[in-house]
Amino acid sequence: MPAVAQTSRLGNILWPVLAWVVALLFFFPIFWMIFTSFKTDADAVKPEHLFFFKPTLENYLNMTENYNYWRFAINSVITATLATVFALVVGIPAAYAMAFNPGRRTKDILIWMLSTKMLPAAAVLYPMTYLTKNFLEIFDTHFLIILVLCLINLPIVIWMLFTYFKEIPREIIEAGKMDGVSTWGEIKDILIPLAWGGVASTALLCFIFCWNEAYWTVRLTTTEAATLSKLIEGNRAPEGLFFGRLSAVSTAAVGPIIVLGWFCQKQLVRGLTFGAVK
Amino acid sequence: MSKRTLPRLLQTPAVVLLLLWMLIPLGMTLYFSFIRYVLNSLRKPEWTVPSLSNWRGFGNYEYVLFHAKDFWFSIQNSLFIVVSILIFTVVLGLALAMLVNRSFPGRGLARVLLISPFFVMPAVNAVLWINMILDPVLGLNGLAVEGINELIRNLTDFPVLGAFFSMWPKFEAMSFRATQTSAYAVIMMVTWQWTPFAVLIFMTSLQSEDEQQKEAAILDGANPWSRFRNLTLPHLARPIAIVIMIQSIFHLSLYAEIEIVSRGNGNKNLPYLIGEFTSNNIGAASATGIFAVILANIVAIFLLRMVGKSLMD
């Protein structure tokens with residue numbers, strides 16, 4: 001059938017080209033941000049320097065001076081890391097219990113956990129402000145941000161871990177029990193080494209979500225615990241006088257996370273669909 | 001303590017934490033939604049402290065439903081934004097997933113580039129798009145339109161065609177901070193960010209498609225469109241439903257993008273309206289919050305059912 005052969009030969013060239021064009025188009029805004037970050041603020045808004053300009057590192061070198069970047073970055077690192085650690089510390093035992101010792105209510109509990117994730121944050125904005133500001137006096141502290149980030153990601157963490165743990169044959173865990181290994185020993189010496197990949201990608205994904213969170217980190221902080229989301233939102237730069245420096249600080253804020261994201265793109269599906277798409 | 005009790009107790013910390021996290025703030029919202037509670041009032045200073053003696057019944061709900069100026073607008077606008085994003089991401093996501101699911105040179109790298117927007121933090125996404133891309137003067141939008149105008153101006157110098165081009169209007173770049181257009185900007189930037197998510201999920205699902213069935217269809221002479229229509233699309237029905245529901249939940253609570261694009265000028269959704277009420281009228285903010293919870297729940301019930309079905313298999 002020559003007709004089929006012809007179209008497929010054409011397709012062999014056309015489809016890859018189209019796929020690459022689309023991929024590059026989607027990446028273009030990120031590329032443009034990185035590209036602009038090497039222009040001076042003056043060059044960034046001059047049409048004649050749109051593509052050709054003298055690259056400079058000054059935007060990156062002045063990040064601290066212009067935006068106090070490291071202060072916010074350190075807050076992001078601290079809050080995202082500790083929130084992830086706490087989510088795992090609470091989540092691993094819970095997922096272990098649900099995967100290997102399920103009761104009649106386990107399924108309901110899991111579904112209920114997920115439903116807490118679906119509450120619109122804005123609905124409890126004032127109570128959270130009121131509680132943390134007037135009552136507990138933890139407004140704008142690292143502790144509060146860590147706690148909130150941990151809680152909003154806990155359902156996803158438990159779900160992801162649960163789907164990974166369920167793949168481990170129960171007999172292996174049971175065998176440990178026969179040998180008189182304690183529950184803690186089962187988790188530490190049998191489960192975590194076996195599910196290491198799953199735990200790592202759960203942690204990675206949780207870290208990314210914490211880092212990118214932009215509602216509570218902005219609303220529940222002023223200066224002390226403000227993260228990169230707050231820094232960027234506070235510098236939306238009307239009329240773009242500072243395109244160069246804004247691009248640099250934005251690149252610094254998202255760069256590491258995009259790279260981390262590349263490593264866990266497969267796990268993302270599991271994490272965000274709660275194991276419903278395989 | 002039996003051998004099974006301790007392992008089961010291990011889920012208690014997580015359950016208790018999530019229970020507190022859900023019940024306390026939501027309970028307070030419910031309480032505030034039934035009382036008169038404002039942050040500043042010279043005339044009625046007693047309203048500035050939450051108290052049962054300021055009981056208002058369903059008054060806040062009534063106020064929000066029938067008197068608050070932006071409530072219906074923001075519901076309508078929330079739905080407009082969410083539905084538009086859903087249509088764009090699902091259609092684009094399907095097309096792109098089919099496109100990158102074939103093998104071609106450099107596929108791994110192309111996929112990585114395509115997925116990247118999903119990991120950009122929302123604040124950066126909004127700042128990047130509204131300033132450097134969509135700005136009508138300094139952004140690429142403005143520069144492109146300026147370039148087109150420049151081109152037309154040069155073309156008018158041509159002998160015969162010049163007369164034709166001189167009749168062309170001077171184009172003007174669209175401003176996306178304006179009242180009517182700021183929703184479009186939000187739709188664009190969120191579509192850019194979430195299409196990769198749809199692609200990822202559809203791609204994962206496409207890989208589990210029954211190849212033999214497909215080959216049989218080819219042998220039977222089914223054309224590509226009917227193969228897509230009758231085999232691939234039914235196979236993707238569930239992932240599509242899941243993409244729609246997960247995105248609905250996320251996009252019903254969009255905030256950073258709306259704040260950065262136009263500070264809610266002409267483009268509010270429920271969370272934004274709640275934020276505005278929160279600057280003074282806590283009663284109304286809480287009643288609106290309860291409406292937002294109800295709206296989110298309608299979507300969530302369907303999602304939870306689907307997830308629940310696949311849970312134990």
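Letters A, B, ... are given to chains in the order of the sequence lines, protein chains preceding strands, and every chain is numbered from 1. The figures that follow rest on heavy atoms only: side chains count, while hydrogens, waters and symmetry mates do not. Predicted model, so just to flag it, every value in this text is computed and none were measured.
- Chain A forms more heavy-atom pairs under 4.5 Å with one residue of L128(B), I290(B), L143(B) than with any other, namely L128(B).
- Heavy atoms only, all atoms of each residue included: V124(B) and S250(A) are closest at CG1-CB, 3.8 Å.
- Between the side chain of W20(A) and the main chain of P105(B), a donor-acceptor pair closer than 3.5 Å is present.
- Checked against the 6.0 Å centroid criterion, the rings of Y126(A) and F277(B) do not qualify as a close aromatic pair.
- When the shell of 6.0 Å around CH2 of W15(A) is examined, it contains 12 or fewer heavy atoms from other residues, nucleotides or ligands.
- Summarising the geometry, atom CG belonging to N125(B) is positioned 10.0 Å from atom CE belonging to M33(A); distances are rounded to the nearest 0.5 Å.
- Interface remark: L17(B) contributes backbone and side-chain atoms alike to the contact with chain A (heavy atom separation under 4.5 Å).
- Looking at I249(B), the atoms closer than 4.5 Å to chain A (heavy atoms on both sides) all sit in the side chain, from C-beta outward.
- Counting only distance, with no hydrogens or angles, the side chain of W192(B) and the backbone of F26(A) share a donor-acceptor pair below 3.5 Å.
- In this structure, Q11(B) CD and I158(A) CD1 are separated by 9.0 Å, a value rounded to the nearest 0.5 Å.
- Across T116(A), I109(A), V90(A), I152(A), a single residue satisfies side-chain contact (heavy atoms from CB on, under 4.5 Å) together with L18(B), and that is T116(A).
- Of all the heavy atoms in F119(B) and N212(A), the pair that sits closest is O-ND2, 3.1 Å.
- Side-chain atoms of T29(B) come within 3.5 Å of backbone N or O of A123(A) as a donor-acceptor pair.
- Only the side chain of I133(B) comes within less than 4.5 Å of a heavy atom in chain A; its backbone stays farther off.
- With chain A as the partner, the residue from G147(B), A285(B), G106(B), A126(B) showing the most heavy-atom pairs under 4.5 Å is G106(B).
- Between L114(B) and F27(A), the closest side-chain pair of non-hydrogen atoms is not below 4.5 Å.
- The contact between I115(B) and chain A is made entirely by side chain atoms (from C-beta outward), counting heavy-atom distances below 4.5 Å.
- Looking only at heavy-atom pairs under 4.5 Å with chain A, the residue among M203(B), M22(B), R107(B), M132(B) that has the most is M132(B).
- Looking at I242(B), the atoms closer than 4.5 Å to chain A (heavy atoms on both sides) all sit in the side chain, from C-beta outward.
- Contact of I218(B) with chain A is not made at all, since no heavy-atom distance falls under 4.5 Å.
- Looking at F197(B), the atoms closer than 4.5 Å to chain A (heavy atoms on both sides) all sit in the side chain, from C-beta outward.
- One finds the OH atom of Y130(A) at 5.0 Å from the OH atom of Y37(B) (value rounded to the nearest 0.5 Å).
- Both the backbone and the side chain of L19(B) have a heavy atom closer than 4.5 Å to some heavy atom of chain A.
- Between the CD1 atom in I274(B) and the CG atom in L125(A) there is a gap of 8.0 Å [rounded to 0.5 Å].
- Between chain B and the residues A95(A), P29(A), A97(A), the most heavy-atom pairs under 4.5 angstrom are made by P29(A).
- Here the shortest heavy-atom pairing between A123(B) and E233(A) reads CB-N, 4.3 Å.
- In this structure, chain A has heavy atoms under 4.5 Å from both the backbone and the side chain of E259(B).
- Of the two parts of I301(B), neither the backbone nor the side chain holds a non-hydrogen atom closer than 4.5 Å to a non-hydrogen atom of chain A.
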